[in-house]
Visitor: 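Sharing a structure with you now.
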Amino acid sequence: MNITFPDGAVRQYEQGSTALDIAKKISEGLARKILAAEVNGEVWDLSRPIKNDSSIKFLTWDDEKAKSTFWHSSAHLMAEAVEDAFPGVKFWVGPPIEKGFYYDIDLGDNVISESDLEKLEKKMNELSKQNNSFVRKEISKADAVKYFEEKGDEYKLDLLQGLEDGSITFYTQGNFTDLCRGPHIPSTGLIKGIKLTSIAGAYWKGDEKNKMLTRIYGVTFPNQKELDEYLVFLEEAKKRDHRKLGKELELFTFSEKVGAGLPLWLPKGAMLRERLQNFLQKAQIESGYLPVITPHIGSKSLYVTSGHYEKYGKDSFQPIKTPVEGEEFFLKPMNCPHHCEIYKASPRSYKDLPLRLAEFGTVYRYEQSGELHGLTRVRGFTQDDAHLFCMPNQVKDEFKKVIDLVLYVFNSLGFTDYTAQISLRDQNDKSKYIGSDTNWEIAEKSIIEASEEKGLKTVIEFGEAAFYGPKLDFMVRDAIGRKWQLGTIQVDYNLPERFDLTYIGEDNAKHRPVMIHRAPFGSMERFIAVLTEHCAGKFPMWLVPVQVKILPISDKFLSYAQNVLSKLKNNDIRAEIDDRSEKIGKKIRDTELSKVPLMLIIGEKEVNDKKVSVRRQGKGDEGVKDVQEVIAMIQDEVKHKKIAETTA
RNA sequence: GCCAGUGUAGCUCAGUUGGCCAGAGCAGCUGAUUUGUAAUCAGCUGGUCGGGGGUUCGAAUCCCUCCACUGGCUCCA
């Protein structure tokens, strides 16, 4: 039979050769390195015989598809260890995920806790040493059903129900056999760096009405070194955790008494947030946005009109009532209904469009208690919200302008790696969306074209659009490679309809405007959390709470230090003096830990020369400079929004 | 909301199987020291051991319940 390789080369092999046979004929080294093969575009076990002319591509650890296969096999290995430790348990599914794998298991009456993970890891290592092959076996549906009936595993039986006879396969390694479509790596011995990371409950089939299964998460690598590197990465992520840094840098706090998910911004955090807000506000005003301010509550009828009452009323904070009339008000869960009323406050002409209403609006949403997390998931937060009311043919241009704004924001803050996810309608079922077909087509086309013209890296997802319109979300990758969803731009056909928004067109007739929601940051809280983790708490000069710490070597130089301080302050530089009677080493250490970017050290020499000794956080001594020079340097960094060099 | 876990001083953490007035380091305060590029020394203050209830002669330790937090699940206008 003919085998075609990725470079186009075609070679002859005996019919029934396996991918491994073929690899071995090329080189033993290759055969050792590969984990799976892509045969005619489908990932196959290396040991599966190839019967016809095919194209083949060998997959190594560097391929995402090989990683998935590796982790899928690792899930089976873990299942074997679990079955060994808890005989009689039942398995649901064990897929690979972005970084590792999990398996959902019904442990029966057994309870497992984090301390058991180490034992399971140990068992997995043992099973890996046995180097058992993953053996694929095609099996009839009747036999498969019989096997799991005997085992009493209703979960696998449920899976089997949805499968066609003739397409069913089992995989066995060692003492563990599982219903599985595969593919798998050749044997368990390849799995060397093993770490079970956490335990969680997960509803069967993700439905909270179903029984909760135990989910065990893990990650594995082909060698110990890569596992060690991954563990270092986890440590680094822990160091950057915004909850930890937020406390250390005195940015924000929480109080049980105030309530869960309700952040309290401390002076340093509040000022940082304000600088960020002013930065965006300024850019928005330059881009033609008009600031508006709306109250924190709105009457029930507002949300009945918007449709949110019907959809989310029960899941929201319950209404507050006026004491006499009993009129109901809701805490506002979003700003758009208020903004729609502003739109309606006067008759609009096509000449007024696009109308861009912007507000840093604080909203309140009842998030389930288990869902709260630091600043990234809270019950009260401030959106950098704006609503653009425009004509359908203006959508594309507005998108382009918003993309410009978002990229300006990202670039100013050192986020250089981002992609745009475009969410469109489900092509097969257009009935679940509101708005006319023509408008959807215009909008979807506008978004795609706008992204293209702006040169965005994009991913298109069908069926991910909201019922009220398509959207574009920005995903950024932070300094240590993690993905976050930040800014969003969404088209909305629903609210203009519900609020009966209109404008008078050139033809002197009423028309319906399109509404676009957009938020470059997403929310101030979430954005600051991501920014903090991105820069590891070392904020750029223009944002950092304290820019300069003046460190006199002894009390004798305090008056000169005061003098320097007032010069800095006169130039709007945020500076403080460490006037404790500590040794200079201690003052430097404390300042380094507090991540203040610049230290000015003042001793006898500096006083005599009328200069300051400059030390940069994380870098060290930068020599003696004139105070004016330092001021100019800081002003330059602020003006150009220079990014601090993040040292790990 | 659900599963698993955690909750001891402002912070980080010790507190054997329930048993002497609950400990340490850092921070804070007071004093001494007047210091040259990542921790000067001494003393002192500070905790109804997350809240409430129970078991017990006796509870930080065991049980119940509520709250908060952590990791997930579900949800996300």
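Chain letters run A, B, ... following the sequence lines, proteins first and then strands; every chain starts at 1.
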Visitor: Is any side-chain N of the basic residue among A/D153 and A/K90 closer than 4.0 Å to the acidic one's carboxylate O?
Guide: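 Salt bridge between A/D153 and A/K90, a charged N being under 4.0 Å from a carboxylate O: no.
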Visitor: Has A/Y102 got a side-chain N or O lying under 4.0 Å from the OP1 or OP2 atom of B/C73?
Guide: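 Answer no for this pair, as no side-chain N or O of A/Y102 is under 4.0 Å from OP1 or OP2.
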Visitor: OP1, OP2 of B/U37 versus side-chain N and O of A/R616: anything below 4.0 Å?
Guide: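 Indeed not, no polar side-chain atom of A/R616 lies that close.
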Visitor: Between A/K556 and B/U35, is there a contact of a side-chain N or O with OP1 or OP2 at under 4.0 Å?
Guide: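 For B/U35, OP1/OP2 do have a side-chain N/O of A/K556 under 4.0 Å.
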Visitor: Taking the six-membered ring for Trp, are A/F521 and A/F527 parallel (under 30°), tilted (30 to 60°) or perpendicular (over 60°)?
Guide: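 The arrangement is tilted - the two ring planes meet at 30° to 60°.
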Visitor: With a 4.0 Å limit, can you tell me whether A/K247 has a side-chain N or O closer than that to the phosphate oxygens OP1/OP2 of B/U12?
Guide: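 Yes, A/K247 has a side-chain N/O under 4.0 Å of OP1/OP2 on B/U12.
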Visitor: Calculate the interatomic distance between A/E248 atom CD and B/A27 atom C1'; express it in whole Å.
Guide: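 Checked: the CD to C1' distance equals 13 Å.
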Visitor: Any side-chain N or O of A/K586 under 4.0 Å from OP1/OP2 of B/A27?
Guide: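 So the side-chain polar atoms of A/K586 do come within 4.0 Å of the phosphate oxygens OP1 or OP2 of B/A27, strictly under.
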Visitor: Considering only heavy atoms and no angle criterion, is a donor-acceptor pair shorter than 3.5 Å present between the side chain of A/E592 and the base of B/A38?
Guide: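 Indeed there is one.
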Visitor: Quick one, A/Q617 and A/T591 - any side-chain contact, counting heavy atoms below 4.5 Å?
Guide: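 With C-beta onward as the side chain, the pair stays apart.
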Visitor: Looking at A/L531, is its backbone amide N or carbonyl O close enough to the side chain of A/E533 to form a donor-acceptor pair, meaning the two atoms are under 3.5 Å apart?
Guide: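 Not at all, since once roles are kept as given, no pair shorter than 3.5 Å links the two residues.
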Visitor: Has A/T214 got a side-chain N or O lying under 4.0 Å from the OP1 or OP2 atom of B/C3?
Guide: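 Answer is no, no contact under 4.0 Å.
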Visitor: Given the structure, check if the side chain of A/S581 and the base of B/U34 hold any donor-acceptor pair shorter than 3.5 Å.
Guide: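 Not at all, since no donor on one side and acceptor on the other fall under 3.5 Å apart.
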Visitor: Does a donor on one side chain sit under 3.5 Å from an acceptor on the other, for A/Y468 and A/Q490?
Guide: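 Yes.
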Visitor: Can you find a donor-acceptor pair, distance only, under 3.5 Å between A/E606 side chain and B/G36 base?
Guide: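 Pair found.
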Visitor: Any N or O donor-acceptor pair under 3.5 Å from the base of B/A38 to the side chain of A/R615?
Guide: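 Between B/A38 and A/R615, which were checked side chain against base, a qualifying N/O pair under 3.5 Å is present.
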Visitor: Rounding to a whole Å, what distance do you find between A/Y203:OH and B/C73:P?
Guide: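 Going from A/Y203 (OH) to B/C73 (P), I get 12 Å.
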Visitor: Take the protein atom CG of A/D104 and the nucleotide atom C1' of B/C73, then report the distance between them rounded to whole Å.
Guide: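 The answer, rounded to whole Å, is 9 Å.
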Visitor: Between A/H373 and B/G71, does any side-chain N or O lie under 4.0 Å from OP1 or OP2?
Guide: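 Result: yes.
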Visitor: Taking the six-membered ring for Trp, does A/Y312 stack with B/A77 (centroid gap under 5.5 Å, planes within less than 30°)?
Guide: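 It does: the ring sits over the base of B/A77.
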Visitor: If you check the A/P333 side chain, which of B/C69, B/A77, B/G7 turns out closest?
Guide: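 Comparing B/C69, B/A77, B/G7 against the side chain of A/P333, the answer is B/A77.
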Visitor: Can you find a donor-acceptor pair, distance only, under 3.5 Å between A/R377 side chain and B/C76 base?
Guide: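 Result: at least one qualifying N/O pair found.
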